[in-house]
Q: 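The structure that follows is given in the form of structure tokens.
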Amino acid sequence: MLSDRIAELDKDKMATAQVMGKLFRLTRPTSTERPKKMFGSLWAENENAFLFAEDGAGKTILATQIASAIATGTTVPGFSNEVPAQVVTLFDAELSDYQFNSRYPEGLPANLKRLTFNEDMQAKLAKADVQYVIDQVEGAAKELDSKIIILDNLSALCSMADLTKTSDSIQLMGLLNDLKKKGYSCLIIDHCRKPMHPTEYKMISKHDLQGSKMKTNLVDSVFSIGKSCLGEQYRYVKALKIRSFNMEYTTKQVATMELKTGPLRFDYVGLNPEWEHVNDKPSQVHKMYSNGSTQEQIATTMGITQQAVSKTINRFKDEAPF
């Protein structure tokens with residue numbers, strides 16, 4: 001009967017509405033609700049970020065410096081912090097207590113809680129999946145009443161996952177994004193895909209992040225520390241992805257940093273083009289062009305065609321604005 005068919009359709013509509021009511025919500029104006037910066041535009045409150053670099057670049061030093069600034073309500077010079085002092089949990093899965101304390105003999109701020117593996121439980125980690133590890137991270141942060149989480153580093157914490165596989169990376173990023181929805185902000189420390197030769201300084205791209213590209217696709221921001229050909233004490237910080245703010249610290253102007261001791265830290269030096277820090281062929285072309293050499297002169301010096309010189313220069317011109 002027609003009335004029965006109408007009733008059936010109405011029932012289907014109600015069921016659909018109930019499902020949509022659970023899965024979706026109407027959008028809200030967010031123009032005045034931008035997230036607060038914690039490490040400039042590179043990491044914001046209630047967002048997840050990747051910081052990666054090759055071994056020896058200073059990932060842990062910078063991560064600890066960021067954590068200390070948030071814990072004390074101060075800033076890492078050159079990068080604004082808009083959140084008040086609060087508890088930060090730093091999960092250190094790499095350094096022993098002796099190694100870490102040797103680096104920071106003056107101690108850490110009271111609000112900065114460093115956690116490492118419980119030796120009695122570490123055997124369990126050999127069989128643990130990503131879900132177990134992230135649940136343990138959340139439980140520890142909740143116990144310390146902390147919404148700021150730094151994971152140093154991903155390889156050691158998630159040793160059972162194959163993060164070169166899309167499926168494992170999607171699972172990990174889903175769990176980290178679940179933490180974000182609960183009000184947590186995570187900074188994840190990771191490695192480069194392939195280490196460079198000691199005398200080789202190449203420009204950094206997001207493809208240098210170790211593992212599946214799904215990690216960069218599903219995170220809010222990605223930034224890296226690069227070693228510099230200007231000297232062993234110099235590094236630079238480069239943004240590779242930013243969702244909530246305009247792109248800055250890009251190839252045209254990276255943040256140059258100098259490694260200092262007492263306490264161990266990076267001091268902000270200023271903004272410089274990335275090609276001043278690297279010595280690969282494209283950067284040498286651009287250096288010569290910036291210093292007034294003609295394309296013909298560059299081609300002769302570098303032993304390449306003028307067409308190749310022109311393409312390289314145009315590629316730099318097309319870089320994202322800062």
Side-chain angles (χ1 to χ4, degrees), residues 30-53 57-90 104 108-113 141 146-152 176 179-180 183-190 204 206 216 219-226 228 234-260 263-274 277 319-322:
T30 58
S31 60
T32 59
E33 300 173 11
R34 73 162 180 80
K36 294 177 181 177
K37 296 177 179 179
M38 297 193 297
F39 183 57
S41 58
L42 301 177
W43 185 29
E45 191 175 39
N46 297 132
E47 290 195 351
N48 293 334
F50 270 110
L51 162 60
F52 75 92
K59 299 183 293 293
T60 297
I61 296 171
L62 183 59
T64 304
Q65 192 172 355
I66 294 169
S68 297
I70 296 170
T72 55
T74 58
T75 65
V76 176
F79 304 88
S80 56
N81 174 28
E82 299 171 339
V83 300
Q86 58 192 285
V87 177
V88 179
T89 45
L90 169 63
Y104 301 97
L108 298 174
N111 273 343
L112 175 48
K113 309 298 183 182
S146 168
K147 289 293 186 180
I148 311 296
I149 294 171
I150 297 179
L151 304 177
D152 186 10
L176 291 173
L179 284 181
K180 182 173 72 170
Y184 292 96
S185 312
C186 296
L187 177 63
I188 307 108
I189 314 303
D190 210 345
I204 301 168
K206 64 182 180 181
T216 57
V219 78
D220 297 297
S221 65
V222 181
F223 61 102
S224 181
I225 306 173
S228 173
Y234 290 106
R235 305 285 191 275
Y236 67 93
V237 174
K238 181 180 181 180
L240 299 159
K241 177 180 180 180
I242 298 176
R243 277 184 174 166
S244 294
F245 306 95
N246 292 331
M247 282 294 290
E248 55 182 339
Y249 313 113
T250 61
T251 290
K252 290 184 178 180
Q253 283 194 329
V254 295
T256 301
M257 314 288 280
E258 186 176 4
L259 182 61
K260 294 288 186 71
L264 189 60
R265 69 193 188 279
F266 284 114
D267 280 356
Y268 176 75
V269 175
L271 297 172
N272 300 84
E274 187 180 13
H277 293 281
E319 275 287 330
F322 49 87

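Values reported hereafter were calculated over all heavy atoms of this structure, with side chains retained and with hydrogens, waters and symmetry mates removed.
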Q: Got I150 and W43 here, is their nearest side-chain heavy-atom distance under 4.5 Å?
A: yes
Q: Look at the side chain of D220 and the backbone N and O of A49, then say whether any donor-acceptor pair between them is shorter than 3.5 Å.
A: no
Q: Are R243 and E47 within salt-bridge range, i.e. N to O under 4.0 Å?
A: no
Q: Taking atom NZ of K206 as the centre, report whether more than 12 heavy atoms of other residues, nucleotides or ligands fall under 6.0 Å from it.
A: no
Q: Which residue pairs pass the salt bridge (Lys or Arg N to Asp or Glu O under 4.0 Å) test with at least one member in residues 74-83, sequence neighbours excluded?
A: R34-E82
Q: Is V76 close to F266 at the side-chain level, that is, under 4.5 Å between some pair of heavy atoms?
A: no
Q: Do I148 and V87 have side chains that get closer than 4.5 Å, going by heavy atoms?
A: no
Q: Does the structure place the NZ or CZ of K238 under 6.0 Å from the centre of the six-membered ring of Y249, at an angle of no more than 45° from the ring's axis?
A: no
Q: What I'd like to find out is whether the side chain of V269 reaches to under 4.5 Å of the side chain of D267, using heavy atoms alone.
A: no
Q: Taking side-chain contact (heavy atoms from CB on, under 4.5 Å) as the criterion, tell me which of T250, L42, V222 meets it with I242.
A: L42
Q: Do the non-hydrogen side-chain atoms of T60 and I189 ever get within less than 4.5 Å of each other?
A: no
Q: Which atoms form the tightest heavy-atom contact between K147 and G183, and what is the distance?
A: CD-O, 3.6 Å
Q: Taking the side chain as every heavy atom from C-beta outward, state whether L62 and V237 have any atom pair closer than 4.5 Å.
A: yes
Q: Decide yes or no for F223 and V254: does some side-chain heavy atom of the first lie under 4.5 Å from some side-chain heavy atom of the second?
A: no
Q: Is there side-chain contact between N81 and T74, with at least one heavy-atom pair below 4.5 Å?
A: no
Q: Nearest 0.5 Å, what's the CD1-CE distance between I61 and M257?
A: 11.0 Å
Q: Apply the test side-chain contact (heavy atoms from CB on, under 4.5 Å) to residues L108 and L90: give CA-CA distance (whole Å), side-chain angles for both, the deciding distance (0.1 Å), then the verdict.
A: CA-CA 11 Å; L108 298 174; L90 169 63; 5.6 Å; no
Q: Could you give the distance from CD1 (I204) to CG (L240), rounded to the nearest 0.5 Å?
A: 7.0 Å
Q: Could you measure the distance from the CE atom of M38 to the OG atom of S185? Nearest 0.5 Å is fine.
A: 4.0 Å
Q: Output the distance between atom OG (S224) and atom NZ (K241), rounded to the nearest 0.5 Å.
A: 15.5 Å
Q: Out of curiosity, I66 CD1 to L112 CG, how far, rounded to the nearest 0.5 Å?
A: 12.0 Å
Q: If you round to the nearest 0.5 Å, how far is OH of Y236 from OG1 of T256?
A: 9.5 Å
